[in-house]
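Quick note on labels: first sequence line is chain A, next is B, and so on, each numbered from 1. The structure displayed is predicted, hence computed values, not measured ones.
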Amino acid sequence: MSTEGLNETPATPETAPSNFIRDIIIQDNKTGKHGGRVHTRFPPEPNGYLHIGHAKSICLNFGLAKEFGGKCNLRFDDTNPSKEETEYVDSIINDVRWLGFDWEDRLFYASDYFEQLYQWAIQLIKQGQAYVCDLTAEQVRETRGTTTEPGVESPYRNRSAEENLDLFQRMRAGEFPDGSRTLRSKIDMASPNFNMRDPVMYRILRAEHHRTGNDWLIYPMYDYTHGECDSIEGITHSICTLEFEDHRPLYDWYVESLGIHRPQQIEFDRLNLTNTMLSKRKLLLLVQKGYVSGWDDPRMPTLSGIRRRGYTPEALRAFCGSIGVSKTNGTIEFPLLEHHIREDLNARAARVMAVVDPIKVIIDNYPDGQTDELEAANHPDKPEMGMRKVPFSKVLYIERDDFREVPPPKYYRLFPGQEVRLRYAYFIKCVSVVKDANGEVTEVHCTYDPASRGGNSPDGRKVKSTIHWVSAEHALTFEARLYESLLLEDAPQSDDIATQLNPTSLVVKANAKIEPSVKGAAPNTHFQFERVGYFNVDLDSTDEKLVCNRTVQLKDTWAKIAKK
RNA sequence: UGGGAGAUCGUUCAACGGUAGGACAGCAGACUCUGACUCUGCUUAUCGGGGUUCGAAUCCCUGUCUCCCAGCCA
């Protein structure tokens, strides 16, 4: 589904360098800690679309399982019905699959285990390790203590097991209003770790759950749920992000108190990318406020966004493999991601000529009405990708940036008196220009050398530059969507997202021109528009109107020279 | 300032008591019918201070800085 328009998929080397998690697994296998088993899981909450940050976790979990001959489950952490939706479940399933991973028959939901979780809560009550607390949310907060002061024990902390059992059953039965009571673990209100200060296990919440509907009026909290779900599924290594380090004692406390299989929680650093928002909350805001067209807007760092933008799963996997895994809180530079998408597309994308910002070129000495068919290679390094014919005629378009009336230093392209090569076609020399009333150049007049047909002159003379072109008469008009970062380079750190948005994150070139060979290309077909960038066919394309997204620009040495 | 976790080229990951290395970025050059690709070369790092050791990025002590934690979110 991802590779339309690409040649055969190369075997991307996904041999990541070692990392501390892999080392732990190797060590565990040596000591027989989990009987040599490796079983991981990717556990998203279905409250938004997956983004590049999740790709790191997915590659890690599925990658490790694959490498060690183990398994990886897909599990939805759906314990908060007020935020979760089936739309998100569907998108997540689609995205993980697109990234290239397979959970076989192991698709689970925390909600699959609600009854078991409830029974375990009863066990903890009977063991004297959980109690029903009548404090309000505010009172709980007030009695939790501070970093330097211990919390205050709830007055309901020492209710009898019988009373707790009765109350908890009635919580489930719907006898009490939302928020009026919670089930709490009886641990230690003086613990320096807030997570251990009698954490809430269950809250009363009347919200329709996307899977269990209105079956439940009480929902378990993340901390109470996660370890048990891992345990039920026989997870050996429960890999999560750094902010859960403080939760590990609680994770362990539950599985140990319950006397069930104890997976090992391991924390790694979340992915940060320069100039990129990787927070579900903020991404949701972008969608809700209409700053983007949706979760799959090609400017979004969501997997569906970058997929639409033209990124490939191969490139993403290579990227995830290359960034490593550690506990350092770092930020990866966005150009590294761009490097991987260029590397993948360079190897596979068919070449084509397209002019994004056209200026007319007239070949004065070319016969009126004549058309030439020129042979062009679909890939410079892969003859097996074949050749195609590109029509040539008297009136052409070239890129506006490829002509200068007054050339700056080191400018090799077309200017009055300069000879250049039209790729796969002829040498042309600029003889004059036509301007409009504003002094804008509207036509560039050239002469061509018929002997240079195909792109080389028999006399062996050289030109400094080869530029791309399309025949005006034959070209297809299309819409090129040029993307830049959604965020301003030096965006002020503010909660007001509007002030951080790059006003030119999307530039639409409605009058771009492309050679006719691309006619009918399917959505998501990838191309390299020679000398311009990698593009793919957007979902919005129709038979009448081709729309292409710029996935990433080609590296542009000239732009650097010109800047100096 | 209670607890938890970190600190190695500009960025990121390695080096697991024995020559600090890769990738990206940058710079310079070669090649080129894409100023692309490819190739060559170069610049730049062990947070500070003590110790242990023949030898320390690695072990110990100490200081400094950064990140996370007081949801009935995950």
Does a donor on one side chain sit under 3.5 Å from an acceptor on the other, for [X] and [Y]?
{"X": "A/Asn47", "Y": "A/Glu84", "answer": "no"}
{"X": "A/Asn536", "Y": "A/Tyr311", "answer": "no"}
{"X": "A/Gln528", "Y": "A/Glu530", "answer": "no"}

Can you tabulate the close N/O pairs, meaning under 3.5 Å, that link protein atoms to atoms of nucleotides 37-46 of chain B?
residue : atom : partner  : partner atom : Å
B/C37   : O2'  : A/Asn346 : ND2          : 3.1

*Which nucleotides of RNA chain B pair, in dot-bracket form (Watson-Crick or G-U under 3.5 Å, | meaning another strand)*: .((((((..((((....[..)))).(((((.......)))))....(((((..]....))))))))))).....
*Would A/Tyr426 and A/Phe392 count as a close aromatic pair, with their ring centres under 6.0 Å?*
yes
*Would you check if the distance from the ring center of A/Tyr411 to the ring center of A/Trp558 is below 6.0 Å?*
yes
[atom1] gap between [N] and [M], integer Å:
{"N": "B/C72", "M": "B/C59", "atom1": "C1'", "value": "46 Å"}
{"N": "B/U40", "M": "B/A25", "atom1": "P", "value": "16 Å"}
{"N": "B/U53", "M": "B/G48", "atom1": "P", "value": "22 Å"}
{"N": "B/C9", "M": "B/A57", "atom1": "C1'", "value": "14 Å"}
{"N": "B/C61", "M": "B/U44", "atom1": "P", "value": "34 Å"}
{"N": "B/U11", "M": "B/U19", "atom1": "P", "value": "25 Å"}
{"N": "B/G6", "M": "B/C13", "atom1": "C1'", "value": "15 Å"}
{"N": "B/C73", "M": "B/A5", "atom1": "P", "value": "27 Å"}

Of the nucleotides [options], which one has an atom closest to the side chain of [X]?
{"X": "A/Ser326", "options": "B/A36, B/U1, B/C13", "result": "B/C13"}
{"X": "A/Asn80", "options": "B/C24, B/C73, B/C27", "result": "B/C73"}
{"X": "A/Thr328", "options": "B/G35, B/G4, B/C13", "result": "B/C13"}
{"X": "A/Gln528", "options": "B/G2, B/U34, B/C24", "result": "B/U34"}

Classify [X] by what it touches in the nucleic acid, base, sugar-phosphate, or nothing, heavy-atom distance under 4.0 Å.
{"X": "A/Val325", "value": "sugar-phosphate"}
{"X": "A/Lys464", "value": "nothing"}
{"X": "A/Glu333", "value": "base"}
{"X": "A/Glu530", "value": "base"}
{"X": "A/Pro150", "value": "nothing"}
{"X": "A/Tyr411", "value": "base"}

Salt bridge between [X] and [Y], side-chain N to carboxylate O under 4.0 Å?
{"X": "A/Lys83", "Y": "A/Glu45", "value": "no"}
{"X": "A/Asp230", "Y": "A/Arg75", "value": "yes"}
{"X": "A/Lys327", "Y": "A/Glu245", "value": "yes"}
{"X": "A/Asp344", "Y": "A/Arg348", "value": "yes"}
{"X": "A/Glu399", "Y": "A/Arg413", "value": "no"}
{"X": "A/Lys464", "Y": "A/Glu419", "value": "no"}
{"X": "A/Lys563", "Y": "A/Asp556", "value": "no"}
{"X": "A/Asp269", "Y": "A/Lys56", "value": "yes"}

*Could you say whether A/Pro335 or A/Thr79 is positioned toward the 5' end of RNA chain B, judged by the nucleotide with the nearest heavy atom to each?*
A/Pro335
_Toward the 5' end of RNA chain B, by each residue's nearest nucleotide, A/Arg421 or A/Pro43_ = A/Arg421
*Short side-chain N/O contact from A/Lys560 to OP1 or OP2 of B/C27, under 4.0 Å*: yes
*OP1 or OP2 of B/U34 sitting under 4.0 Å from any side-chain N/O of A/His468?*
no
*Check against ring pair (Phe, Tyr, Trp, His ring centres under 6.0 Å), A/Phe76 and A/Tyr109*: CA-CA 5 Å; A/Phe76 288 97; A/Tyr109 296 80; 5.2 Å; yes
*Record whether the side chain of A/Arg531 comes under 3.5 Å of the base of B/G35 through a donor-acceptor pair of N or O atoms.*
no
Expressed in angstrom and rounded to an integer, what is the separation of [X] atom [atom1] from [N] atom [atom2]?
{"X": "A/Ile266", "N": "B/A5", "atom1": "CD1", "atom2": "P", "value": "15 Å"}
{"X": "A/Ile323", "N": "B/U12", "atom1": "CD1", "atom2": "C1'", "value": "9 Å"}
{"X": "A/Leu337", "N": "B/A25", "atom1": "CG", "atom2": "P", "value": "12 Å"}
{"X": "A/Glu149", "N": "B/U1", "atom1": "CD", "atom2": "P", "value": "16 Å"}
{"X": "A/Phe334", "N": "B/G26", "atom1": "CZ", "atom2": "P", "value": "15 Å"}
{"X": "A/Asp230", "N": "B/A74", "atom1": "CG", "atom2": "P", "value": "15 Å"}
{"X": "A/Leu284", "N": "B/A74", "atom1": "CG", "atom2": "C1'", "value": "14 Å"}
{"X": "A/Asp269", "N": "B/U8", "atom1": "CG", "atom2": "P", "value": "12 Å"}

*Sequence neighbours excluded, every pair satisfying salt bridge (Lys or Arg N to Asp or Glu O under 4.0 Å) that has a member inside residues 170-193 of chain A*: A/Glu115-A/Arg172, A/Asp134-A/Arg181, A/Asp166-A/Arg170, A/Arg170-A/Glu175, A/Asp178-A/Arg206
For nucleotides 15-19 of chain B, list the nitrogen or oxygen atoms of the protein found under 3.5 Å from its nitrogen or oxygen atoms, one pair per line.
residue : atom : partner : partner atom : Å
B/C16   : N4   : A/Asp23 : OD2          : 3.1

*Would you please test A/Phe114 and A/His209 for ring pair (Phe, Tyr, Trp, His ring centres under 6.0 Å) and show each step?*
CA-CA 12 Å; A/Phe114 278 173; A/His209 188 281; 5.7 Å; yes
*Quick one: ring-ring contact (aromatic ring centres under 6.0 Å, His included) pairs with a partner in residues 319-350 of chain A, sequence neighbours left out?*
none
What nitrogen or oxygen pairs link the protein and nucleotides 64-72 of chain B at under 3.5 Å?
residue : atom : partner  : partner atom : Å
B/C67   : O2'  : A/Asn329 : ND2          : 3.0
B/A70   : O2'  : A/Arg144 : NE           : 3.0
B/C72   : OP1  : A/Arg144 : NH2          : 3.0
B/C72   : OP2  : A/Arg144 : NH1          : 3.4
B/C72   : OP2  : A/Arg144 : NH2          : 3.4
B/C72   : N3   : A/Gly179 : O            : 3.1
B/C72   : N4   : A/Leu135 : O            : 2.7
B/C72   : N4   : A/Ala137 : N            : 3.1
B/C72   : N4   : A/Gly179 : O            : 3.0

*Does B/G22 fall in syn (glycosidic angle within 90° of 0) or anti?*
anti
